[in-house]
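All chains are named by letter (A, B, ...) in the order of the sequence lines, taking the proteins before the strands, and each is independently numbered beginning at 1.
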Amino acid sequence: MEQKGLSGFFEQFLSKESLFKNKQVLQSNYTPEEISYRDEQISQIANILAPALRKERPSNLFVYGKTGTGKTLSITYVAKQIEEVARQRELPVKVVYLNCKLKKIADTEYRLIAQLAREFGKEIPPTGLPTEEVYNIFCNALDQENAILLLILDEIDELAKRPTDEILYNLTRINTDMKNSQLSLIGISNSLIFAENLDPRVKSSLCEEDVIFAPYNALQLQHILKKRCLEAFHEGTLEEGLVEKCSAYAAREHGDARRALELLRVAAEIAERDSLVKVTIAHLDRAEEKIEKDKMVDIVTTQPRQFQLILYAIMIIYEKRNKNVFTGEVYELYKDLCQQTALRPLTQRRVSDVVGEFDMLGLINAKVISKGRYGRTREISVSPSLSSIPRLKKMLAEELALS
DNA sequence: GTCAATTCACATGAAAGAGACCACGGTCTAGTG
DNA sequence: CTAGACCGTGGTCTCTTTCATGTGAATTGACGA
């Protein structure tokens, strides 16, 4: 494009009225002023945490609910209020929020403890120190504060995935090591199964209290969306019935409000790109498709080369046969492909795990079946949402420098 | 025909290694007064 | 004498490999009717 034309384009872009009044309202990190349909949970949480203000240790709390049901929102809301009150009255209450899913920040025992110690102003190197020592540093720092610490661990299930890590156990026991300070754990999880197969010692102390967030139903979602839309869009930008449809979509997917908002935002973005002034239901459908595809493409392109090669092998065989594929065949082709690209092939053991990971990511469907005398294997099929992206295979081939 | 044993082709688990990253303390070296 | 370079040791973390064990139904073959 010519440079002059481009600046013209930007001029035009700026002069165009945006469909959005305030796009932030639709972003997932936005905190609304009031949280709908969660009064009960919020007051429960507030009740449980309130003793902190009297310098008593609140019970450990376990919060469970599906994604997009307002767990994190409600907890942080209550925590903020507590912090506020504590600040006004100069009470020694400290709140720390950590998302255990964040890579490189809090996804291992060492990192989590290190991050906690940093919250208390300690310099902790990203690696190199024994975990034990960081643990001590943190304990001492906390003890010196002479405070009640409310530690909110979001997506706490990530921590339990490593069976070797004793972190949850250590955290529940940490109070016995301290003279002045006390720590309360608030675990947020979207899988209830997680609590089930927890170490019983940990489970009993972590789940002293629990609060459950039920999914929103379509009506509630509708209400929430409408409220946000009032802030997010100019009047009359949304077609009649759009919000209703959108909330119906999301309600179908276990009442995920976050998803509903994303859907709405993307739909509006598409409409905007088409230079339209109204968002229609057709946009909603396209948005759903786009979100799904973008997610897939993103997942695929960010995989390591070895993984991409394995996926490529699966796609080739699946396409050629248009029938389910078995692990052995995939491994054979994969080894061939490795030769072509001068990559050292992984062992079958590893490939088996990788296939399992692909399944988890939703790129493929893999089911373990037994073919009787002919052994046991995974029956693999490429997920429809992946095979519906036409350029993907070519993209992969190019990226892997395959002919 | 019936039933238990066998067998296949992987799945699944556990443990340990490799290599990248990092802190810390000790030793060497070169520059300075 | 001292600041900075360099090295060895010991730590975390992720990705892999190695070794071992598990698994479920088609197949097989012995057995009795």
Side-chain angles (χ1 to χ4, degrees), chain A residues 98-118 120-141 155 157-171 193 197-199 299-314 317-318 321 323-339 341-361 363-381 400:
Chain A
L98 282 179
N99 188 331
C100 306
K101 205 176 182 177
L102 289 179
K103 295 270 179 261
K104 310 280 177 194
I105 294 185
D107 59 342
T108 68
E109 173 165 23
Y110 179 89
R111 284 174 185 160
L112 194 130
I113 296 284
Q115 189 59 34
L116 282 176
R118 281 188 206 112
F120 286 90
K122 301 287 178 189
E123 289 278 324
I124 305 290
T127 164
L129 292 184
T131 310
E132 188 69 23
E133 198 168 323
V134 184
Y135 189 75
N136 283 336
I137 293 174
F138 165 66
C139 280
N140 290 335
E155 320 235 15
D157 28 338
E158 292 293 317
L159 285 182
K161 277 189 187 160
R162 302 160 197 272
T164 50
D165 281 9
E166 293 275 279
I167 175 129
L168 286 176
Y169 179 66
N170 287 338
L171 280 176
I193 310 152
N197 39 29
L198 218 49
D199 185 330
I299 292 174
V300 171
T301 50
T302 53
Q303 293 294 320
R305 278 181 66 101
Q306 294 278 12
F307 287 44
Q308 290 182 343
L309 209 55
I310 296 170
L311 186 63
Y312 185 69
I314 294 173
I317 303 181
Y318 185 71
R321 248 198 302 139
K323 209 166 62 186
N324 291 345
V325 181
F326 303 115
T327 314
E329 307 167 280
V330 172
Y331 188 64
E332 286 307 313
L333 178 59
Y334 159 74
K335 271 200 298 197
D336 278 0
L337 290 172
C338 275
Q339 283 226 309
T341 51
L343 242 64
R344 200 170 50 82
L346 301 175
T347 51
Q348 177 149 327
R349 175 72 186 82
R350 182 66 186 130
V351 170
S352 173
D353 277 349
V354 172
V355 170
E357 282 170 45
F358 284 160
D359 184 33
M360 294 278 279
L361 288 170
L363 298 176
I364 58 175
N365 299 311
K367 205 170 71 195
V368 179
I369 56 157
S370 176
K371 292 190 291 171
R373 189 71 207 261
Y374 305 106
R376 232 162 99 87
T377 182
R378 277 202 177 88
E379 196 180 51
I380 305 166
S381 62
L400 296 163

Starting at [atom1] of [X] and ending at [atom2] of [N], how long is that distance when rounded to a whole Å?
X: A:Glu332; N: B:dC10; atom1: CD; atom2: C1'; result: 13 Å
X: A:Arg373; N: C:dA25; atom1: CZ; atom2: C1'; result: 11 Å
X: A:Ile310; N: C:dC15; atom1: CD1; atom2: P; result: 13 Å
X: A:Glu357; N: C:dC15; atom1: CD; atom2: P; result: 8 Å
X: A:Asp353; N: C:dT14; atom1: CG; atom2: C1'; result: 14 Å
X: A:Ile137; N: C:dG11; atom1: CD1; atom2: P; result: 15 Å
X: A:Arg350; N: B:dA18; atom1: CZ; atom2: C1'; result: 14 Å
X: A:Arg378; N: B:dA11; atom1: CZ; atom2: P; result: 5 Å

Quick one: which of [options] gets closest to the side chain of [X]?
X: A:Thr377; options: B:dC10, C:dA25, C:dT14; result: B:dC10
X: A:Thr327; options: B:dC10, C:dT17, C:dC13; result: B:dC10
X: A:Asp107; options: C:dT14, C:dT18, C:dC13; result: C:dT14
X: A:Thr347; options: C:dT14, C:dT18, B:dC10; result: C:dT18
X: A:Thr131; options: C:dC13, C:dT12, C:dT16; result: C:dT12
X: A:Tyr110; options: C:dT12, B:dC24, C:dG24; result: C:dT12

**Study point:** side-chain N/O A:Ser370 vs C:dT23 OP1/OP2, d < 4.0 Å
**Key:**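 Indeed not, no polar side-chain atom of A:Ser370 lies that close.
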Practice item. Output yes when at least one side-chain N/O atom of A:Ser352 is less than 4.0 Å from OP1 or OP2 of B:dA11, else no. Key: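 Yes, within the criterion.
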If we ignore hydrogens and angles and just use 3.5 Å, is the side chain of [X] paired with the main-chain N or O of [Y] as donor and acceptor?
X: A:Gln306; Y: A:Pro345; value: no
X: A:Thr377; Y: A:Thr327; value: yes
X: A:Tyr334; Y: A:Val351; value: no
X: A:Asp359; Y: A:Ala366; value: yes
X: A:Glu329; Y: A:Phe326; value: yes

Practice item. Between A:Phe326 and A:Arg349, just flag the one whose closest nucleotide in DNA chain B comes earlier from the 5' side. Key: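 That would be A:Phe326.
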Check your understanding: What nucleic acid atoms does A:Gln348 come within less than 4.0 Å of, heavy atoms only: base, sugar-phosphate, or nothing?
Key ->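 Sugar-phosphate contact only.
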